[in-house]
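Notes follow the structure.
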There are 2 protein chains.
Amino acid sequence: MIIIGERINATRKPIAAALEARDSQAIFRTAREQLQAGAHYLDINGGDPRPAREAENIAWLVETVQGSVDVPLCIDSANPQAVKRGLSLAKHRAILNSISLESSRLGPLMPILEQSDCMVIGLLMSDQGAPAGVDDRLRNAEQLIKKLTAAGRKPEDIIIDPCFLTLSVDCLSARAVIDAIAAIHKEWPKVHIGGGCSNVSFGLPRRRYINFALLAGAIYHGMDTALIDPCTPGIMATLYAAQAVAGKDEFCMNYVTAEREGKLV
Amino acid sequence: MIIIGERINATRKPIAAALEARDSQAIFRTAREQLQAGAHYLDINGGDPRPAREAENIAWLVETVQGSVDVPLCIDSANPQAVKRGLSLAKHRAILNSISLESSRLGPLMPILEQSDCMVIGLLMSDQGAPAGVDDRLRNAEQLIKKLTAAGRKPEDIIIDPCFLTLSVDCLSARAVIDAIAAIHKEWPKVHIGGGCSNVSFGLPRRRYINFALLAGAIYHGMDTALIDPCTPGIMATLYAAQAVAGKDEFCMNYVTAEREGKLV
């Protein structure tokens with residue numbers, strides 16, 4: 001399981017404030033909390049509509065985080081300038097979050113990908129918008145994996161984000177995404193699958209239960225990457241429990257070890 | 001979804017004490033709490049190794065519960081005398097919990113089943129013991145459904161309990177049971193599937209997360225009956241969330257209504 005901590009994101013108020021004030025202590029804390037909770041990667045999002053400013057934000061966040069903790073990063077932007085800065089400053093092999101089939105994203109980001117050895121999240125969006133069912137997700141996955149492979153990525157360097165949609169808008173959308181995960185996992189067993197899925201529960205009460213049920217179903221069918229807030233109570237326990245139930249945790253050792261390390265809180 | 005509250009069970013100390021003292025107030029409370037939490041049926045287990053005493057216990061429990069609340073019951077025993085007493089006293093159409101392919105259970109209970117119109121839980125145990133995989137569960141389900149159909153049960157009156165085993169003993173056992181649920185649901189779409197699954201997490205820390213992940217996976221694949229303690233924090237929210245994620249809750253109405261009724265606490 002690849003767990004990417006999502007909290008260092010400038011669209012979140014505390015991070016926007018920390019960025020504005022160049023408050024490195026606040027960023028240190030957010031980085032350390034997520035690592036303690038069990039994140040393997042930290043997402044870095046500089047969220048500013050002005051490309052040059054976003055690139056500056058990303059650069060400052062990357063250097064600040066790396067000045068405090070030793071962790072690989074996930075550079076979260078569709079802005080080529082910001083992505084380039086972030087990747088070039090990352091000490092460890094980073095993940096680019098994300099490319100897609102949208103020509104506005106694919107065109108500018110592909111050359112960067114060809115010059116970097118980063119891992120990459122491939123979001124199954126296209127110029128036709130978000131996929132709705134299983135078949136269009138499979139078609140998009142095939143196209144995207146082909147392009148990423150041509151750009152030098154091995155299957156194990158690719159993380160397909162199946163595009164998690166909002167359940168309250170379409171009550172069959174979670175089923176479609178889980179069935180698509182199963183189909184993608186069957187067709188490309190070495191490709192990682194996952195992404196940010198908390199918007200599935202948007203608009204519903206007690207969102208965490210919807211998120212947990214979604215994660216359990218998706219992990220059962222092959223999701224192995226999660227962009228989450230690992231500090232949310234119960235979420236790490238849910239991830240480890242879902243893996244154990246899916247038969248992907250021999251002797252339940254990872255689950256029991258995570259408990260011993262205080263990660264199931 | 002059929003939710004059966006499991007708390008009125010004489011193998012639990014407070015119920016054993018209430019039975020011993022014929023403390024009907026304690027039984028009332030346990031019945032009401034479960035109904036408030038969202039149970040549709042209440043399981044009644046008189047747990048005594050002496051058949052006549054167990055039958056007496058069941059009779060007292062059935063009459064006591066029915067003296068306080070209006071709810072259908074699930075008569076939980078393999079003792080023909082106790083089952084007969086329980087079914088004959090039940091005001092509403094009850095569930096017999098449970099018959100199986102074990103000859104010690106099948107032989108004595110089948111005649112009772114032929115004379116009653118109760119629903120029935122068919123546990124996939126046989127004289128060969130508990131099933132380990134998908135194929136043996138399917139074989140047992142076929143045999144049991146055939147026998148129950150011959151005894152006058154319609155598919156929708158049968159609840160197949162796939163036999164939930166302990167994950168810490170065999171880390172592939174939850175996967176086997178979930179895949180078996182999918183196969184049984186595909187083959188007999190009108191037959192209900194489910195049972196008590198909390199022993200899946202036996203021996204593991206923070207058992208509720210294992211139980212929640214198991215429920216989410218099983219419900220995704222067709223489980224629609226749960227023998228649980230509905231007062232366990234989070235369990236009702238998990239059941240409703242799992243149904244919504246599985247695409248079985250149009251407009252997420254049941255989930256939202258359950259929240260409004262205070263059942264997702």
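Only this structure's heavy atoms are used, side chains among them; waters, hydrogens and symmetry mates stay out. Only a predicted model underlies this, so the values are computations on that prediction, with no experimental measurement involved.
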Heavy-atom check, side chain of A:Pro205 versus side chain of B:Tyr255, under 4.5 Å: yes

Let me know if B:Glu259 has heavy atoms under 4.5 Å from chain A in its side chain, its backbone, both or neither. side chain

Quick one: pull up OH in B:Tyr220 and NE2 in A:His221 and give me the separation to the nearest 0.5 Å. 5.5 Å

If you measure from NZ on B:Lys248 to CG on A:Leu172, what distance do you get to the nearest 0.5 Å? 11.5 Å

Would the number of heavy atoms belonging to other residues, nucleotides or ligands and lying under 6.0 Å from CD of B:Glu156 be above 12? yes

For chain B, which of A:Val245, A:Val200, A:Leu204, A:Ile178 has the most heavy-atom pairs under 4.5 Å? A:Val245

Closest heavy-atom pair and its distance - B:Cys252, A:Ser168: SG-CA, 4.2 Å

Set of side chain to side chain donor-acceptor pair (under 3.5 Å) partners for A:Arg105, sequence neighbours left out: A:Ser98

Who among A:Cys171, A:Gly247, A:Ala216, A:Ala174 has the most heavy-atom pairs with chain B under 4.5 Å? A:Cys171

Non-hydrogen contacts under 4.5 angstrom with chain A: give the residues of residues 230-241 of chain B involved, or none if there are none. B:Gly234, B:Ala237, B:Thr238, B:Ala241

About how many Å separate CG of B:Leu167 and CZ of A:Phe251, when rounded to the nearest 0.5 Å? 12.0 Å

Among B:Asp179, B:Asp170, B:Val256, which has the most heavy-atom pairs under 4.5 Å with chain A? B:Asp179

If you look only at pairs with a residue in residues 179-217 of chain A, which of them pass as a ring pair (Phe, Tyr, Trp, His ring centres under 6.0 Å), with sequence neighbours excluded? none

Largest heavy-atom contact set with chain B, pairs under 4.5 Å, which of A:Leu214, A:Leu264, A:Asp249, A:Val169: A:Leu264

With a strict 4.5 Å heavy-atom criterion, list every residue of residues 120-132 of chain B that contacts chain A, or say none. none

Partner chain A: residue of B:Val177, B:Ile210, B:Leu215 with the largest heavy-atom pair count (under 4.5 Å): B:Ile210

